[in-house]
*Asks:* 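Take this structure, written in structure tokens, and hold onto it; I'll ask about it next.
As the structure is a computational prediction, the values presented were derived from the model and not from experiment. Note that these values count all heavy atoms, side chains included, but never hydrogens, waters or copies made by symmetry.
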Amino acid sequence: IFVIIVIIFINACDKDEESISFDIQGDWKVISFFDNEVHKIIVKTESNSYSQYNNGDITVTFDTITNRIEGINVTNLFFGYFNANNHGVITTNNLIWTMIYEPEWGSLFHSIEEAETYKVIGENLYIYCNKKKMIINLRRISTKAK
């Protein structure tokens, strides 16, 4: 009986830690990209971003009330609309970007135009793009949209 209780407890803890939600409301910062075709994780570095602009970060706001997405793509602004449901399906549309002096890190974020599915685990948002060839990993900054 003790072994069964321990197994149930361990499984319950694992499920809590891996609890998936679909709440993307608020502000996010890109942490990494995973190129699933070459199995490579790409993170922000001095050579692929410009730290003097937006700290070299890509920041995104999802407003689930208006379905508006906007943010700063290191050196550029972007905005448009998205649709997301509670089953993990997401699409973006009518995204408009400025594209001046954009570093490689910022260019990678354009893959969000091919977003298909997503999930939130803890404070991390994973957006799967282009038939899961690219995964964008974002970390929650706040739950309020600007």
*Asks:* Just wondering, do Thr66 and Tyr81 contact through their side chains at under 4.5 Å, heavy atoms?
*Replies:*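 A side-chain contact is absent here, since even the closest heavy-atom pair is not under 4.5 Å.
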*Asks:* Who are the ring pair (Phe, Tyr, Trp, His ring centres under 6.0 Å) partners of Tyr50, not counting sequence neighbours?
*Replies:*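 Here the qualifying residues are Tyr101.
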*Asks:* Would you check, one step at a time, whether the test side chain to side chain contact (heavy atoms under 4.5 Å, CB included) holds for Leu95 with Ile69?
*Replies:* CA-CA 8 Å; Leu95 291 181; Ile69 180 176; 3.5 Å; yes
*Asks:* For the side chain of Glu116 and the backbone of Lys131, is there at least one donor-acceptor N/O pair under 3.5 Å apart?
*Replies:* yes
*Asks:* Do any N or O atoms from the side chain of Arg140 and from the backbone of Gln25 form a donor-acceptor pair under 3.5 angstrom?
*Replies:* yes
*Asks:* Side chain of Thr98, backbone of Leu77: donor and acceptor closer than 3.5 Å?
*Replies:* yes
*Asks:* Determine whether Ile121 and Ser19 make a side-chain contact, defined as any pair of heavy atoms from C-beta on separated by less than 4.5 Å.
*Replies:* no
*Asks:* Would Asn73 and His110 count as a side chain to side chain contact (heavy atoms under 4.5 Å, CB included) here? Give the steps.
*Replies:* CA-CA 9 Å; Asn73 200 26; His110 287 267; 3.7 Å; yes
*Asks:* Just so I know, are the side chains of Met134 and Leu108 near enough to count as touching, which here means a heavy-atom distance under 4.5 Å?
*Replies:* yes
*Asks:* Look at the side chain of Asn36 and the backbone N and O of Lys132, then say whether any donor-acceptor pair between them is shorter than 3.5 Å.
*Replies:* yes
*Asks:* Main chain of Asn67, side chain of Asp63: is a donor-acceptor contact present, judged purely on distance under 3.5 Å?
*Replies:* no
*Asks:* Linking I/L/V/M/F/W/Y whenever any side-chain heavy atoms sit under 4.5 Å apart, do Phe34 and Ile136 land together?
*Replies:*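 Yes.
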*Asks:* For Phe79 and Trp97: C-alpha separation, side-chain torsions, deciding distance, then whether ring pair (Phe, Tyr, Trp, His ring centres under 6.0 Å) applies.
*Replies:* CA-CA 7 Å; Phe79 59 92; Trp97 308 75; 9.9 Å; no
*Asks:* Return the SG to CD distance between Cys129 and Glu113, rounded to the nearest 0.5 Å.
*Replies:*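 Atom-to-atom, Cys129:SG and Glu113:CD are 10.0 Å apart.
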*Asks:* Do Val30 and Phe109 come within less than 4.5 Å of each other through their side chains, counting heavy atoms only?
*Replies:* yes
*Asks:* Would you kindly confirm whether Ile135 and Ile41 end up in one hydrophobic cluster when ILVMFWY residues are joined by side chain heavy atoms under 4.5 Å apart?
*Replies:* yes
*Asks:* Start with the C-alpha distance between Asn55 and Lys44, add both sets of side-chain angles, then the distance that settles side chain to side chain contact (heavy atoms under 4.5 Å, CB included), and finish with yes or no.
*Replies:* CA-CA 10 Å; Asn55 197 33; Lys44 178 182 77 170; 4.3 Å; yes
*Asks:* Nearest 0.5 angstrom please: Glu37 CD to Lys133 NZ, how far?
*Replies:*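 Answer rounded to 0.5 Å: 5.0 Å.
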*Asks:* Determine whether a donor-acceptor pair (N or O, by modelled atom type, separation under 3.5 Å) exists between the side chain of Thr75 and the backbone of Ile100.
*Replies:* yes
*Asks:* Quick one: which of Asn137, Ile58, Val120 gives a side-chain contact (heavy atoms from CB on, under 4.5 Å) with Trp28?
*Replies:* Val120
*Asks:* Could you walk me through whether Ile31 and Phe33 satisfy the side chain to side chain contact (heavy atoms under 4.5 Å, CB included) test, starting with their C-alpha distance in whole Å, then the side-chain angles of each, then the deciding distance to 0.1 Å, before giving a yes or no?
*Replies:* CA-CA 7 Å; Ile31 301 302; Phe33 295 92; over 6 Å; no
*Asks:* Quick one: closest heavy-atom pair of Tyr53 and Val74, and the distance?
*Replies:*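 So the minimum-distance heavy-atom pair works out to CB-O, 3.5 Å.
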*Asks:* Decide yes or no for Leu138 and Tyr126: does some side-chain heavy atom of the first lie under 4.5 Å from some side-chain heavy atom of the second?
*Replies:*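 Not in contact.
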*Asks:* Would you call Asn83 and Asn93 a side-chain contact if the rule is heavy atoms closer than 4.5 Å?
*Replies:* yes
*Asks:* If I compare all heavy atoms of Val43 with all of Ser32, which pair ends up nearest, and what's the gap?
*Replies:* CG1-CB, 3.9 Å
*Asks:* Output all residues satisfying side-chain contact (heavy atoms from CB on, under 4.5 Å) with Asn54, sequence neighbours left out; order by chain, then residue number.
*Replies:* Asp57, Thr59, Ile72
*Asks:* Check whether any side-chain heavy atom of Ile24 lies under 4.5 Å from a side-chain heavy atom of Thr64, and answer yes or no.
*Replies:* yes
*Asks:* Does Leu125 reach the side chain of Phe62, with side-chain heavy atoms less than 4.5 Å apart?
*Replies:*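 Heavy-atom side-chain distance check passes, below 4.5 Å.
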*Asks:* Taking Ile141's backbone N and O only, do any of them form a donor-acceptor pair with Asp27's side chain (distance below 3.5 Å, no angle check)?
*Replies:* no
*Asks:* Is the Tyr118 to Tyr128 ring centre distance short of 6.0 Å?
*Replies:* no
